[in-house]
Each structure stands twice: as C-alpha cells, then as structure tokens.
2 protein chains.
Amino acid sequence: MGTQQRRAREKEALRQDILDAARELFVKEGYENVSMRRVAEKIEYSPTTIYLYFEDKASLLYAICEETFAKLAKRMEAITRDSQDPIEALRAGCRAYVDFGLKNPNHYKVTFINHPQHPRDDQRHLKEASMGMKAYGNLRAAVEACIRAKKFRQTNVEAVTQLIWAGEHGITSLLITMPNFPWVKKSELIDLMISTLIDGLRA
Amino acid sequence: MGTQQRRAREKEALRQDILDAARELFVKEGYENVSMRRVAEKIEYSPTTIYLYFEDKASLLYAICEETFAKLAKRMEAITRDSQDPIEALRAGCRAYVDFGLKNPNHYKVTFINHPQHPRDDQRHLKEASMGMKAYGNLRAAVEACIRAKKFRQTNVEAVTQLIWAGEHGITSLLITMPNFPWVKKSELIDLMISTLIDGLRA
DNA sequence: CCTTTCACTTAACACTGTTAAGTATACTTC
DNA sequence: GAAGTATACTTAACAGTGTTAAGTGAAAGG
C-alpha cells in the first residue's frame with residue numbers, strides 16, 4: 001500500500017541530496033570545474049546513479065538555477081511591493097538584483113553569463129526562458145508603474161525594461177567576471193548606473 | 001648565415017597558420033566546442049605541435065583576442081577622432097563597440113563573457129587587462145573630453161567610463177548570450193541605452 | 001662524416017560526460 | 001513461503017578532452 005509512496009518519498013529525498021551536493025559544489029567551484037564523478041562522490045553513490053534522476057549535467061544545473069531564481073524573484077517582489085514611490089521601488093529592485101548576483105556569483109554565472117546552451121535543443125531554451133521570466137516580469141511591473149505614474153519620458157514598457165535589465169546585468173557580470181579590474185568603489189558604481197538610467201529616462 | 005633567419009621565418013609562419021586555423025574554428029563554433037585535435041587536423045600537424053608554439057589552449061585564445069582587440073581599439077579610435085562634438089564622438093564610439101561585439105559574437109564571448117580564467121594564474125589576468133586596456137583607454141578619452149567640455153554633471157572620469165562600459169557590455173552580452181529572448185528591435189535598444197546614459201549624465 | 005640540434009610525432013596519462021549491461025535487493029503474486 | 005518480476009543501483013566501457021614524456025628523422029654545424 002504505502003510502500004509505493006514511501007519509495008517515491010525516498011526517491012525524492014535522494015533527488016534533493018543530489019541537488020544539494022551539486023549546488024554546493026557548483027556554487028563553490030563553478031559549474032565547469034565540477035565533474036559528475038565529484039558530485040557522486042559527495043553523495044556516496046556511483047556516478048551513473050545521478051543519471052537516474054537527471055537527464056544530464058546541464059539538467060542538474062537548470063534545476064538548481066530554477067530554485068535560485070525563485071528566490072531572487074521572491075525577494076524582488078517583496079522589495080518592490082513594500083515601496084510607495086514607484087521610482088524608489090524600481091531603484092530598490094535594481095539594487096536587489098545586482099546584490100543578489102554579486103552574492104551568488106557562480107549562480108549568476110551559470111544562469112546569465114555562461115549558461116551552456118546545447119546545440120539544437122530549443123526545448124531547453126524555452127525552459128530557461130520560463131525560469132527567468134518571473135524575475136523579468138517583476139522588473140517589468142516596476143517599470144510599468146513608473147510609466148503609469150508618468151515619471152518617464154519613454155513609454156515603451158518593454159524597451160525600458162530591457163534597457164534597465166541590460167544596465168544591471170552589465171555591471172553585475174563585469175564585476176563578477178573581471179574581479180581584478182581596477183573598479184571604482186563597487187557600490188558607488190552600481191548606484192551611479194541605476195541613478196543615471198533613471199535620470200536619463202525621467203520626464 | 002640566413003638559415004637561422006629562414007627557420008625563424010618558417011616558425012613564425014606556422015605560428016600564424018595555427019592562429020588562423022584556431023581563430024576560424026573558435027569564431028565559427030566557439031572556444032569550448034573546438035578541441036586542440038581539431039585545430040591540429042585543420043593545419044595538418046599533430047596535436048602536440050601546437051604546444052611547441054603556444055603554452056596551452058587558453059594562450060591560443062588570448063593571442064587571438066589580442067589581435068581582435070587591436071582591431072576594435074583602432075576602429076574606435078578612428079571613429080572618436082573624426083568627430084567634432086565630444087558627445088557625438090562618445091555616442092559613435094559606444095555604437096561601434098556594441099556593433100563590433102554583435103558582429104564577432106564568439107570573439108566577444110571569449111574575451112568578455114566566458115574567458116576561462118585559470119585558477120591561481122594572476123600573470124595571465126594581467127595580460128588580459130593589458131589587452132583590453134587600449135579599448136578602455138579610448139573610451140576613457142572620449143569620456144574625458146565630454147567632462148572637459150563641461151557636458152556632464154558627473155566629473156569622476158573613471159566612474160563614468162566604467163558606467164558606460166558596463167552599459168555597453170550589458171546590452172552586447174545579453175543580446176549575444178540570449179538570442180532567443182523576445183527583444184525589442186535591437187538597434188533601438190542599443191540607441192536607447194546610449195542615449196539614456198548620456199542624458200542621465202548630462203549637466 | 002660525425003654529432004648535435006631542432007621540428008615534429010607517437011603513445012600515453014588522467015580526466016570528462018554518458019551509456020549498456022549486469023547485479024543484487026525488495027516487492028508482488030501464486 | 002517460494003518463484004518471478006520490477007526497482008535501484010553499480011561496474012565496465014566508450015569516445016572524447018587537454019596535456020606531457022619519450023622517441024624519430026632530417027637538417028645544420030663543426
């Protein structure tokens with residue numbers, strides 16, 4: 001009777017163990033530098049066992065990214081909701097995005113910078129999209145609020161959202177991938193980016 | 001007498017052949033998807049021969065990036081020099097940067113996005129920096145001209161340069177790594193980024 | 001002509017992601 | 001309770017990777 005449920009539960013538990021082990025290794029050492037054998041070793045199973053739970057290495061990564069993404073989306077949602085002024089909401093959301101990236105550089109890398117795109121696997125590409133769409137949707141809502149409140153000269157919601165995303169991403173990714181570059185004070189640079197974009201958009 | 005010179009010339013010729021073969025493959029298929037054996041096959045030498053000319057695969061890449069970078073720097077220099085108004089010069093330079101990235105996506109990827117950073121090899125990191133410094137210096141000069149002409153509210157040359165670089169990079173890298181995303185018209189997005197940043201900086 | 005140097009190759013190492021085949025164990029059915 | 005089957009996992013292997021140590025053959029120098 002309940003045996004099937006118990007088995008399903010045990011399977012799910014191992015799936016989570018794999019995910020936990022992989023996440024820790026990926027985040028600590030980077031996706032490319034972690035082999036399936038290392039993940040297997042960590043959970044004390046044979047390497048091939050992982051393939052009973054995940055299609056391949058990339059799937060393992062995507063599963064982790066989806067989790068992480070949910071966290072980011074949730075955080076951004078909370079931040080933008082708790083703010084009155086739409087401009088300040090947008091500013092806070094942007095700041096949260098960049099901070100999140102800098103605090104989880106390897107996650108950010110595999111999700112937005114490196115993400116190994118399989119040749120001719122469009123299915124997976126859509127999955128990625130759906131994963132990021134939530135965070136993007138949040139940003140979009142914040143931008144829409146600003147436009148609705150007639151705070152911006154530009155009225156193309158999509159274009160402005162993408163513009164701001166690109167700005168955030170530019171700074172986040174550069175700070176992550178080129179840590180040895182002689183940057184000015186990081187937090188000032190981030191604020192400058194956000195302020196400059198908002199000022200540039202202002203009505 | 002001349003034998004030594006001839007040999008040196010022949011060595012240099014093969015070095016260039018390797019570089020040419022590697023560049024073509026890297027640009028066409030991406031650094032990660034090209035093996036040393038494939039490069040060797042293309043030049044019809046044994047794989048290990050490459051190691052007589054380049055320390056490792058990454059060095060091969062860096063050599064190619066340096067070439068490409070020189071081209072970008074030269075182009076940007078020409079563009080910013082031929083312009084009268086410092087703001088227009090900056091705008092044109094930015095546009096050239098992004099266009100260059102979109103036209104050489106794999107080059108841009110390996111140079112600014114992926115660039116496989118070797119663990120504990122700081123020497124190489126400096127080399128990278130010196131490589132990019134020229135293009136960065138050009139941008140810096142264009143920014144400095146704007147500030148000198150009192151066109152900008154912000155007066156921190158370094159911060160503004162890095163800000164603009166981040167903006168350019170953000171849009172370039174996102175357009176390259178996420179080609180399936182429903183972007184608004186690309187050239188409009190690029191122009192919007194450049195204009196918004198400049199407007200936001202204006203005095 | 002002999003020796004040494006030089007350019008290059010062969011063979012191998014230690015890895016990688018991934019799959020096919022094999023092996024116990026636990027569960028179901030008689 | 002015994003036989004058969006499904007399940008969960010492992011072993012062995014494939015085809016590939018970057019890279020190195022050892023070996024080869026020809027050209028250059030004395």
Side-chain angles (χ1 to χ4, degrees), chain A residues 1-19 21-23 25-26 29-64 110 114-121 124, chain B residues 1-19 21-23 25-26 29-64 110 114-121 124:
Chain A
M1 243 14 36
T3 67
Q4 211 153 24
Q5 292 171 29
R6 195 205 67 214
R7 293 236 275 204
R9 218 166 43 234
E10 280 171 358
K11 259 199 97 115
E12 185 52 37
L14 180 49
R15 205 190 115 96
Q16 262 305 323
D17 285 352
I18 295 172
L19 235 35
R23 180 176 35 249
L25 288 172
F26 287 174
E29 316 193 17
Y31 176 73
E32 322 252 52
N33 304 319
V34 175
S35 72
M36 294 298 259
R37 285 167 176 84
R38 291 260 323 274
V39 177
E41 210 169 279
K42 196 171 172 67
I43 56 168
E44 297 180 294
Y45 279 80
S46 110
T48 52
T49 298
I50 301 175
Y51 289 90
L52 301 173
Y53 294 81
F54 297 92
E55 206 184 8
D56 53 20
K57 199 188 175 190
S59 299
L60 197 45
L61 175 68
Y62 289 137
I64 293 168
V110 297
N114 279 324
H115 70 99
Q117 47 188 335
H118 273 240
R120 59 181 70 236
D121 190 348
R124 191 122 55 179
Chain B
M1 249 348 62
T3 69
Q4 210 153 24
Q5 294 171 26
R6 193 205 66 215
R7 294 235 273 203
R9 218 167 41 235
E10 280 170 359
K11 260 200 99 118
E12 185 52 37
L14 180 47
R15 205 190 116 96
Q16 262 306 324
D17 285 352
I18 295 171
L19 236 37
R23 179 175 38 248
L25 289 173
F26 287 174
E29 316 193 16
Y31 176 74
E32 323 252 52
N33 304 318
V34 174
S35 71
M36 294 297 260
R37 286 167 174 85
R38 291 258 324 274
V39 176
E41 208 169 280
K42 196 172 169 68
I43 56 168
E44 297 180 293
Y45 279 80
S46 113
T48 52
T49 299
I50 301 175
Y51 289 88
L52 302 172
Y53 293 82
F54 297 91
E55 206 184 7
D56 53 20
K57 199 188 175 190
S59 299
L60 197 45
L61 175 69
Y62 290 137
I64 292 169
V110 297
N114 279 324
H115 68 100
Q117 46 188 336
H118 273 242
R120 63 181 69 236
D121 189 347
R124 189 122 58 181

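To find a chain, count down the sequence lines: A is the first, B the second, and so on, and within it residues start at 1. From a predicted model like this one, the values you see are computed outputs, not experimental measurements. What's counted below: heavy atoms across the whole structure, side chains too, no hydrogens, waters or symmetry copies.
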Nearest listed nucleotide, side chain of B/S35, among D/dC9, C/dC8, D/dT17: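 Of the candidates, D/dT17 comes closest.
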Closest listed nucleotide, where the reference is the side chain of A/T48 and the choices are D/dT19, C/dC8, D/dA12: D/dA12
Of all the heavy-atom pairs spanning [X] and [Y], show the shortest one and how long it is.
X     : Y     : value
A/A63 : A/F54 : CB-CE2, 4.0 Å
A/Y45 : A/T49 : CD2-CG2, 4.0 Å
A/V34 : A/E29 : CG2-CB, 4.0 Å
A/K11 : A/L52 : NZ-O, 4.4 Å
B/I50 : B/A40 : CD1-N, 3.8 Å

Results of salt bridge (charged side-chain N to carboxylate O under 4.0 Å, His left out) for A/R15 - residues two or more places apart only: none
Touch class at under 4.0 angstrom, heavy-atom based, for A/L14 against every strand present: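 Sugar-phosphate, no base atom in range.
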Touch class at under 4.0 angstrom, heavy-atom based, for B/Y53 against every strand present: sugar-phosphate
Candidate pair A/V110 and A/F26, rule side chain to side chain contact (heavy atoms under 4.5 Å, CB included), full reasoning: CA-CA 9 Å; A/V110 297; A/F26 287 174; 5.8 Å; no
Interface residues of residues 36-46 of chain B with DNA chain D (non-hydrogen, below 4.0 angstrom):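 Nucleic-acid contacts, sorted: B/M36, B/R37.
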Can you measure [X] atom [atom1] to [N] atom [atom2] for me and round it to whole angstrom units?
X     : N      : atom1 : atom2 : value
A/N33 : C/dT16 : CG    : P     : 11 Å
B/L52 : D/dT20 : CG    : P     : 11 Å
A/Y51 : D/dT10 : OH    : P     : 14 Å
B/I50 : C/dA7  : CD1   : P     : 16 Å
B/K57 : C/dT16 : NZ    : P     : 16 Å
A/F54 : C/dT19 : CZ    : P     : 15 Å
A/I18 : D/dC9  : CD1   : C1'   : 11 Å

Option passing side-chain contact (heavy atoms from CB on, under 4.5 Å) with A/P47 (candidates A/R38, A/E41, A/R37):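 Among A/R38, A/E41, A/R37, the one meeting side-chain contact (heavy atoms from CB on, under 4.5 Å) with A/P47 is A/R37.
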Five-pair end axes of the helix from C/dC1-D/dG30 to C/dC30-D/dG1 and the angle they enclose, rounded to 10°: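 The value is 20°.
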Working for side chain to side chain contact (heavy atoms under 4.5 Å, CB included), residues B/Y53 and B/L19: CA-CA 10 Å; B/Y53 293 82; B/L19 236 37; over 6 Å; no
